Enquirer: 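Here's a structure for you.
Here is how names work: the chains are called A, B, and so on, in the same order as the sequence lines, proteins then strands, and each is numbered from 1. Note that this is a predicted model, so its numbers are computed, not measured.
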Amino acid sequence: MADKITHISGHAVPIEGDEIDTDRIMPARFLKEITFDKMGEYLFYDARFDSDGNPLEFPLNEDRFKDASIMVVHNNFGCGSSREHAPQAIKRYGFNAIIGESFAEIFLGNCRSLGVPAVMMLRPEINALMEELDSNPSLDVSLDLEAMTVSYSDKVVPIALSDQNRSAFLEGTWNSLAMLQANDEAINTTASNLGYFSNFE
Amino acid sequence: MAEHTLYNNVWNLHKVAQLATGADQLLIGLHLVHEVTSPQAFAALKEQGKSIKFPNRTYATMDHIIPTDVIARPYQDPQAELMGATLEKNANEFGIQFFGRQSGKQGIVHVLGPELGLTQPGMTIACGDSHTSTHGAFGALAFGIGTTEVHHVMQTQTLSLIPLKVRRVEVNGSLETGVYAKDVILKIIEKLGVKGGIGFVYEYAGSVFESMSMEERMTVCNMSIEGGARIGYINPDDTTFEYVSGREFAPKGQAFDKALSYWKSIQSRPDAEYDDIVTFDASDIEPMVTWGINPGQGVGISEQLPDPAQFSGADRRTLEEAFDYMSLQPGQSMAGVPIDVAFIGSCTNSRISDLREVAHVLDGRRVSESVKTLVVPGSQQVKSQAEAEGLDKIFTAAGAEWREPGCSMCLAMNPDKLIGNQVCASSSNRNFMGRQGSATGRTLLMSPAMVAAAAVKGHVTDVRQLLEGY
């Protein structure tokens with residue numbers, strides 16, 4: 001059983017913008033490795049560096065956000081490709097949770113599989129949190145999956161997450177392999193009831 | 001919630017159990033594997049001393065990283081060689097069929113599955129690639145998954161999934177000449193938005209889809225994910241059954257009859273209920289071109305680009321970001337925008353019918369001298385067929401390059417890349433910033449015929465003018 005994930009706290013970095021796709025999070029040329037080991041180095045690479053490797057203006061390059069472990073984003077974050085390299089990079093860079101207005105579905109599932117809660121908050125609340133972070137980057141942000149809230153300063157803001165994913169984090173079954181394996185007999189029965197598993201012979 | 005749709009029917013037949021989290025455990029009937037999203041999953045199996053539960057429901061090919069020009073082994077890019085060799089070795093060790101170049105059947109995984117008859121109605125199909133939605137054209141529930149999930153499918157043949165809602169997307173009427181399946185899906189995404197499909201399966205219905213060929217249906221379902229819908233499907237009909245019949249992995253003889261009765265049994269019932277229904281009129285659809293940095297930022301060829309000043313807040317900022325990146329102006333038309341590269345290929349549009357449309361436009365014409373034009377067939381079988389029809393001669397006579405099969409410049413994990421801020425007219429599926437291999441490269445998505453027309457003129461143009469012989 002994996003670790004139960006109930007509370008996550010830390011500093012946070014705002015990454016503004018809707019429709020930030022997985023190509024931007026992880027450009028395709030970095031998918032050419034057969035392990036995920038180095039993915040953290042490539043996170044948002046083309047947004048962080050120019051073609052000569054010089055740093056560009058981007059929140060992850062700012063000293064004031066360098067110890068952030070929570071990412072705050074806008075709408076449809078992680079849209080596009082199914083590449084798990086994107087959430088792998090986010091996790092390996094040092095992020096334990098993402099707070100956003102909405103997430104693309106495959107990306108959200110990949111985050112769940114890696115034990116990185118991606119939780120939803122209403123846009124005005126996201127914007128308020130981003131503004132607060134801009135003026136106070138060392139703000140302590142605390143995510144509570146039991147109470148389904150994010151707290152910072154004197155604010156307590158409600159968040160949303162599907163019941164199934166919430167349960168997976170709280171129970172430590174976010175990597176579903178053990179649960180899936182436990183039903184081996186039922187898997188075989190379901191397969192034998194489907195003609196195409198035996199090519200309808 | 002939706003009831004009695006194909007989605008409900010197929011989901012229920014594949015549901016193994018409800019898990020403790022409340023998610024459903026779903027059996028996966030066909031697992032397609034490629035080189036980029038599988039090595040870590042194979043490594044996890046090895047580490048735990050596990051095997052693949054249903055190796056005969058698992059098939060592999062190489063498409064993303066494979067070069068389309070110099071194909072001698074070892075590949076010039078050592079990372080590509082390692083990735084290819086790793087997949088071959090894994091397929092061999094785990095006893096799954098691998099379609100490499102030696103097989104004569106290698107191709108983009110979403111071209112190969114259908115053409116070999118692996119893809120059939122009523123299946124659940126998973127692959128570590130978001131464009132797996134393509135296979136929904138057959139009335140299958142097909143979707144992209146991450147690498148951890150690839151591992152889960154290998155080891156258990158199942159996934160933990162949260163049930164979805166169903167939106168019926170109807171397009172009625174008939175398409176004008178010069179308006180293609182690509183234009184239909186670009187219009188749908190433009191109208192419903194790139195996140196409109198989150199939480200939904202799209203069921204495409206209506207006379208436009210009914211009269212489409214299987215290859216056209218694949219183009220539509222392929223881009224469901226660009227509208228946020230992880231799954232898109234079309235109910236199987238005689239067009240579907242005729243396409244599958246006789247293919248290498250399709251059931252034969254009596255088995256085919258049994259299959260047919262299964263395929264008909266999973267169709268959406270006439271009394272099916274949907275969570276949402278939207279309708280379009282085919283006569284409102286003209287050739288489409290994307291101008292921005294997501295596939296929803298598209299316009300008809302006769303339309304003008306939007307003006308950010310008429311929007312507010314986040315919408316305005318998103319538009320401004322797109323105009324800034326693309327160096328285009330509000331209010332302008334896409335017709336006349338110069339291009340540097342024309343790319344015909346990808347899992348969206350690299351099948352034989354796509355290449356025939358391109359040849360129809362290029363026959364007797366030359367591509368502009370300022371435009372580098374690549375034609376990349378979706379598979380070795382598509383390539384052979386095109387050559388048997390003499391299409392390759394038309395392409396090369398027009399000044400285009402005729403390549404070996406692969407994903408090529410759709411995502412540029414291989415030597416086919418944009419340089420600097422080149423503008424590419426592309427028959428692929430994503431116009432994201434940096435998508436085609438240059439951090440400042442610019443992509444204009446359109447139908448293959450529109451790409452061919454742009455290549456000839458050197459700028460974006462209405463293909464109908466070339467078809468009508470102006």
Enquirer: Check whether B/Ala314 gets within reach of chain A through its side chain, its backbone, both or neither, counting any heavy atom under 4.5 Å.
Expert: both
Enquirer: Chain A heavy atoms under 4.5 Å from B/Phe54: which part of the residue, side chain, backbone, both or neither?
Expert: side chain
Enquirer: So, for A/Tyr196 and B/Gly29, which heavy atoms are closest and what is the spacing to 0.1 Å?
Expert: OH-CA, 3.1 Å
Enquirer: Less than 4.5 Å to any heavy atom of chain A: does that hold for the side chain of B/Gln40, its backbone, both, or neither?
Expert: both
Enquirer: Identify whether the distance between the nearest side-chain nitrogen and carboxylate oxygen of B/Arg435 and A/Asp21 falls below 4.0 Å.
Expert: no
Enquirer: Name the region of B/Asn429, side chain, backbone, both or neither, that has any atom closer than 4.5 Å to a heavy atom of chain A.
Expert: neither
Enquirer: Taking every heavy-atom pair that is under 4.5 Å apart, which of B/Leu411, B/Val36, B/Ile162, B/Asn294 has the most such pairs with chain A?
Expert: B/Ile162
Enquirer: Under a 4.5 Å heavy-atom cut-off, does chain A meet the side chain of B/Lys15, its backbone, both or neither?
Expert: backbone
Enquirer: Please look at A/Leu114 and chain B and tell me whether the side chain, the backbone, both or neither of the residue comes under 4.5 angstrom of a heavy atom of that chain.
Expert: side chain
Enquirer: Between B/Ser160 and A/Ser176, what is the shortest heavy-atom contact and its length?
Expert: CB-OG, 3.6 Å
Enquirer: Indicate the atoms forming the closest heavy-atom contact of A/Leu177 with B/Gln155, along with that distance.
Expert: CD2-OE1, 3.9 Å
Enquirer: Looking at every heavy atom in both A/Ser102 and B/Lys195, which two are closest together, and how far apart are they?
Expert: OG-CD, 4.4 Å
Enquirer: Tell me whether the count of non-hydrogen atoms from other residues, nucleotides or ligands lying under 6.0 Å of CG in A/Leu122 goes above 12.
Expert: no
Enquirer: I'd like to know which of B/Lys252, B/Gln157, B/Glu321, B/Lys417 tops the heavy-atom pair count under 4.5 Å against chain A.
Expert: B/Glu321
Enquirer: Is it the side chain or the backbone of B/Thr318 that comes within 4.5 Å of chain A heavy atoms, both, or neither?
Expert: side chain
Enquirer: Between B/Ala23, B/Gly144, B/Ala259, B/Gly22, who has the most heavy-atom pairs with chain A when the cutoff is under 4.5 Å?
Expert: B/Ala259
Enquirer: Looking at B/Thr86, B/Asp129, B/Thr37, B/Thr132, which has the largest count of heavy-atom pairs under 4.5 Å with chain A?
Expert: B/Asp129
Enquirer: Heavy atoms only, distances under 4.5 angstrom: which of A/Asp46, A/Ile34, A/Asn75 has the most pairs with chain B? Name it, please.
Expert: A/Ile34
Enquirer: When you check the side-chain N and O atoms of A/Ser113 and B/Glu149, is any donor under 3.5 Å from an acceptor?
Expert: no
Enquirer: Side-chain contact, heavy-atom cut-off 4.5 Å: B/Lys53 with A/Asn188?
Expert: yes
Enquirer: Using heavy-atom distances under 4.5 Å, tell me whether B/Gln48 contacts chain A through its side chain, its backbone, both, or neither.
Expert: side chain
Enquirer: Using a 6.0 Å cut-off, check whether atom CD of B/Glu248 has over 12 heavy atoms from anything other than its own residue.
Expert: yes
Enquirer: Are more than 12 heavy atoms, taken from residues, nucleotides or ligands other than A/Glu57, located less than 6.0 Å from that residue's CD atom?
Expert: no
Enquirer: Does a sphere of radius 6.0 Å around NZ in A/Lys66 hold more than 12 heavy atoms from other residues, nucleotides or ligands, not counting ones at 6.0 Å or beyond?
Expert: no
Enquirer: Which value, rounded to the nearest 0.5 Å, describes the distance between B/Thr148 atom OG1 and A/Phe36 atom CZ?
Expert: 6.5 Å
Enquirer: Rounded to the nearest 0.5 Å, what separation is found between the OG1 atom of B/Thr21 and the CG atom of A/Asn165?
Expert: 8.0 Å
Enquirer: Considering only heavy atoms, which portion of B/Gln120 lies under 4.5 Å from any heavy atom of chain A: side chain, backbone, both, or neither?
Expert: side chain
Enquirer: Can you measure from CD1 (B/Ile225) to OG (A/Ser82) and round to the nearest 0.5 angstrom?
Expert: 8.5 Å
Enquirer: Go through the atoms of B/Gln254 and report whether side chain, backbone, both or neither lie under 4.5 Å from a heavy atom of chain A.
Expert: neither
Enquirer: I'd like to know which of A/Ala168, A/Ala86, A/Gly80 tops the heavy-atom pair count under 4.5 Å against chain B.
Expert: A/Gly80
Enquirer: To the nearest 0.5 Å, how far apart are OG1 in B/Thr156 and CG in A/Asp184?
Expert: 8.5 Å
Enquirer: Which atoms of A/Phe103 come close to chain B, meaning under 4.5 Å heavy atom to heavy atom: side chain ones, backbone ones, both, or neither?
Expert: backbone
Enquirer: Are A/Asp18 and B/Arg317 close enough for a salt bridge, meaning some N to O gap below 4.0 Å?
Expert: no
Enquirer: Is it the side chain or the backbone of B/His14 that comes within 4.5 Å of chain A heavy atoms, both, or neither?
Expert: both
Enquirer: More than 12 heavy atoms of other residues, nucleotides or ligands under 6.0 Å from CG of A/Asp163: yes or no?
Expert: no
Enquirer: Give, as side chain, backbone, both or neither, the part of B/Leu159 having an atom under 4.5 angstrom from any heavy atom of chain A.
Expert: backbone
Enquirer: In terms of heavy-atom pairs under 4.5 Å with chain B, which of A/Gln181, A/Glu16, A/Arg29, A/Glu201 leads?
Expert: A/Gln181
Enquirer: At a heavy-atom separation under 4.5 Å, does A/Thr35 approach chain B through its side chain, its backbone, both, or neither?
Expert: backbone
Enquirer: Report the option among B/His152, B/Gln79, B/Met433 that has the most heavy-atom pairs separated by less than 4.5 Å from atoms of chain A.
Expert: B/His152
Enquirer: Given a strict heavy-atom distance threshold of 4.5 Å, which part of B/Ile231 is in contact with chain A: side chain, backbone, both, or neither?
Expert: neither
Enquirer: Against chain A, label B/Thr124 side chain, backbone, both or neither, depending on which of its atoms sit under 4.5 Å from a heavy atom there.
Expert: both
Enquirer: Which atom names give the shortest non-hydrogen contact between A/Gln164 and B/Pro163, and what distance separates them?
Expert: NE2-CD, 4.2 Å
Enquirer: Hey, is the main chain of B/Ile198 close enough, under 3.5 Å, to the side chain of A/Glu105 for a donor-acceptor pair?
Expert: no
Enquirer: With chain B as the partner, which of A/Glu33, A/Arg83, A/Arg166 has the greatest number of non-hydrogen pairs under 4.5 Å?
Expert: A/Glu33
Enquirer: Rounded at 0.5 Å granularity, tell me how far CG in B/Leu27 sits from CD1 in A/Ile187.
Expert: 7.5 Å
Enquirer: OH of B/Tyr262 to CG of A/Leu194: how many Å apart, nearest 0.5 Å?
Expert: 5.0 Å
Enquirer: Could you have a look at A/Thr22, A/Thr190, A/Asn199, A/Leu180 and say which one has the most heavy-atom pairs with chain B under 4.5 angstrom?
Expert: A/Leu180
Enquirer: On a heavy-atom basis, which atom in A/Leu31 and which in B/Met83 lie closest, and how many Å separate them?
Expert: O-CE, 3.2 Å
Enquirer: Quick check on the interface: out of B/Met123, B/His131, B/Glu35, who has the most heavy-atom pairs with chain A under 4.5 Å?
Expert: B/Met123
